[in-house]
2 protein chains.
Amino acid sequence: MMEIINKFKGKGFKLTPQRLSILKFLDGNTSHPTAEDIFKALKKTHPTVSFATVYNTVQALRDRGELQEITIDPEKKHFDPNTAPHHHIMCTACKRVEDVFADYSSALQLPENVSKNFAVSGNHVDFYGICKKCRS
Amino acid sequence: MMEIINKFKGKGFKLTPQRLSILKFLDGNTSHPTAEDIFKALKKTHPTVSFATVYNTVQALRDRGELQEITIDPEKKHFDPNTAPHHHIMCTACKRVEDVFADYSSALQLPENVSKNFAVSGNHVDFYGICKKCRS
DNA sequence: CTGCTATAATAGAATTATTCTAAATTAGTA
DNA sequence: TACTAATTTAGAATAATTCTATTATAGCAG
Ligand SMILES: [Mn+2]
Ligand SMILES: [Mn+2]
Ligand SMILES: [Zn+2]
Ligand SMILES: [Zn+2]
């Protein structure tokens, strides 16, 4: 937590109480929350908070490379404070998104005809399935 | 094209002129159009068409496994009439989505702790980068 | 400390993507 | 040819996100 605060010191990023609350919620969070999830959590400590604050903060964090946007769910965006390269799996029944920690990098070579046309900046693998809970 | 028409014969899927126009547009289309792209194309032949027709048809095709939804773009859904397993790369500048035909299936093994909790139904790899045109 | 200013918070309007509704139309078939 | 279930349509509704204008404040300079 102290880490986080120091990370943003003197970067033109103001550490407001609202932002601290969001940062605390996101710190080590592996639930891949949506903007609404963050908003709900934030309302507990800041009942009068605005949705715009959530989007503003999310955007500021994204711009600073401290938060990544997950595209696995066709319905809505999820966010992930873990910016290390990793992958995800979503249960198509309950929509929960879980982490997949595996290094596929050496296998994910692009075919010649694509690699010659793109300066590649990254990749991720999305898996889909049904989780144990949803089968019982 | 004849193929397409036969594919839907007698399945409770009515081949209306609007749908035929959409099917013709999608047939062999590798541009990964959004709903709006389909709508614009459809308006050329059917100027009074409604957006709901596009979404209805897209949904009907998706339900029949004839169209897949692409999640690579955080801004909007793209659609792909190629339902064979393959992957994609998006230019983060111009947002164009291109195909990546490569078989990574053998490499994409899930870690034990995930595979034991999920009945996996599929996966795809999303690549990001800047295309040649956007660099010049 | 105090005051300044750039940055952020807020409410609410606006925009965009998508879904829903209810009435009119029509493809496919009996 | 006539019927009916499926489809089209316009427009309203919903949901996610962005924008705008005003007010408040974090962090810094003096
Ligand atoms: Mn994650
Ligand atoms: Mn494709
Ligand atoms: Zn589940
Ligand atoms: Zn490009």
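Quick note on labels: first sequence line is chain A, next is B, and so on, each numbered from 1. We use all heavy atoms of the structure for the numbers below, so side chains are in, but hydrogens, waters and symmetry mates are not.
Under the ring pair (Phe, Tyr, Trp, His ring centres under 6.0 Å) criterion, A:Tyr104 pairs with A:His87, sequence neighbours left out. The salt bridge (Lys or Arg N to Asp or Glu O under 4.0 Å) test applied to A:Lys133 returns no partner, not counting sequence neighbours.
Of the side-chain N and O atoms in A:Thr16, none sit less than 4.0 angstrom from OP1 or OP2 of C:dA8. The side chain of A:Arg19 places no N or O atom within less than 4.0 Å of a non-bridging phosphate oxygen (OP1 or OP2) of C:dT7.
B:Glu69 has its CD atom 8 Å from the P atom of C:dT19, to the nearest Å. A:Phe39 has its CZ atom 13 Å from the C1' atom of C:dG12, to the nearest Å. Between the P atom of D:dT7 and the CG atom of B:Leu15 lies a distance of 10 Å, rounded to the nearest Å. Atom P of nucleotide D:dT25 and atom CZ of A:Phe13 are separated by 18 Å, given to the nearest angstrom. Atom C1' of nucleotide C:dT18 and atom NE2 of B:His78 are separated by 15 Å, given to the nearest angstrom. Separating the CG atom of B:Asp73 from the P atom of C:dT18 is a distance of 10 Å, rounded to the nearest angstrom. In this entry the distance linking CG of A:Leu20 with P of C:dT7 reads 18 Å, nearest Å. Following rounding to the nearest Å, B:Asp63 (CG) and D:dT7 (C1') show an atom-to-atom distance of 15 Å.
For the helix from C:dC1-D:dG30 to C:dA30-D:dT1, the axis fitted to the five pairs at one end and the axis fitted to the five pairs at the other end meet at an angle of 30° (nearest 10 degrees).
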Item to check | Working for salt bridge (charged side-chain N to carboxylate O under 4.0 Å, His left out), residues A:Glu112 and A:Lys116 | outcome: CA-CA 6 Å; A:Glu112 173 72 11; A:Lys116 75 168 195 289; over 6 Å; no

Item to check | Derivation of the side-chain hydrogen bond (donor to acceptor under 3.5 Å, both in side chains) call for B:His86 and B:Asp80 | outcome: CA-CA 11 Å; B:His86 65 288; B:Asp80 194 340; 2.9 Å; yes

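Distances were taken from every side-chain heavy atom of A:Asn56 (C-beta onward) to each of C:dT10, C:dA27, D:dT9; the shortest belongs to C:dT10. When distances are taken from the side chain of A:Gln18 to each of D:dG27, D:dT9, C:dA9, the shortest belongs to C:dA9. Of the candidate nucleotides D:dT8, C:dA27, D:dA26, C:dA27 has the atom nearest to the side chain of B:Lys14.
One finds the CG atom of B:Asn82 at 7.0 Å from the CD atom of B:Gln68 (value rounded to the nearest 0.5 Å). The CD1 atom of B:Ile70 sits 4.0 Å away from the NE2 atom of B:His88 when rounded to the nearest 0.5 Å.
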With the criterion being N/O to N/O and under 3.5 Å, what pairs connect the protein with nucleotides 14-18 of chain D, and how long is each?
residue, atom, partner, partner atom, Å
D:dA16, OP1, A:Lys76, NZ, 2.9
D:dT17, OP2, A:Tyr55, OH, 2.6
D:dT17, O5', A:Tyr55, OH, 3.2

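Residue B:Pro74 is out of contact with every strand shown, counting any heavy-atom pair closer than 4.0 Å. Residue-level contact check: B:Thr53 touches the bases, meaning some heavy atom is under 4.0 Å from a base atom.
The cationic group of B:Arg19 lies under 6.0 Å from the six-membered ring centre of B:Phe13 and within 45° of the ring axis, placing it in a cation-pi geometry.
A donor-acceptor contact shorter than 3.5 Å links the side chain of A:His78 to the backbone of A:His32.
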Which donor-acceptor pairs under 3.5 Å do the side chains of residues 54-67 of chain B make with protein atoms, sequence neighbours left out?
residue, atom, partner, partner atom, Å
B:Asn56, ND2, B:Ala52, O, 3.2
B:Thr57, OG1, B:Thr53, O, 2.8
B:Arg62, NE, B:Glu69, OE2, 2.6
B:Arg62, NH2, B:Glu69, OE2, 3.0
B:Arg64, NH1, B:Ala60, O, 3.2
B:Glu66, OE1, B:Lys7, NZ, 3.3

Would you tabulate the side-chain donor-acceptor contacts of residues 123-131 of chain B under 3.5 Å, counting partners in other chains and residues two or more places apart, or write 'none'?
residue, atom, partner, partner atom, Å
B:His124, NE2, A:Asp126, OD2, 3.1
B:Asp126, OD2, A:His124, NE2, 3.1
B:Tyr128, OH, B:Ile72, O, 2.8

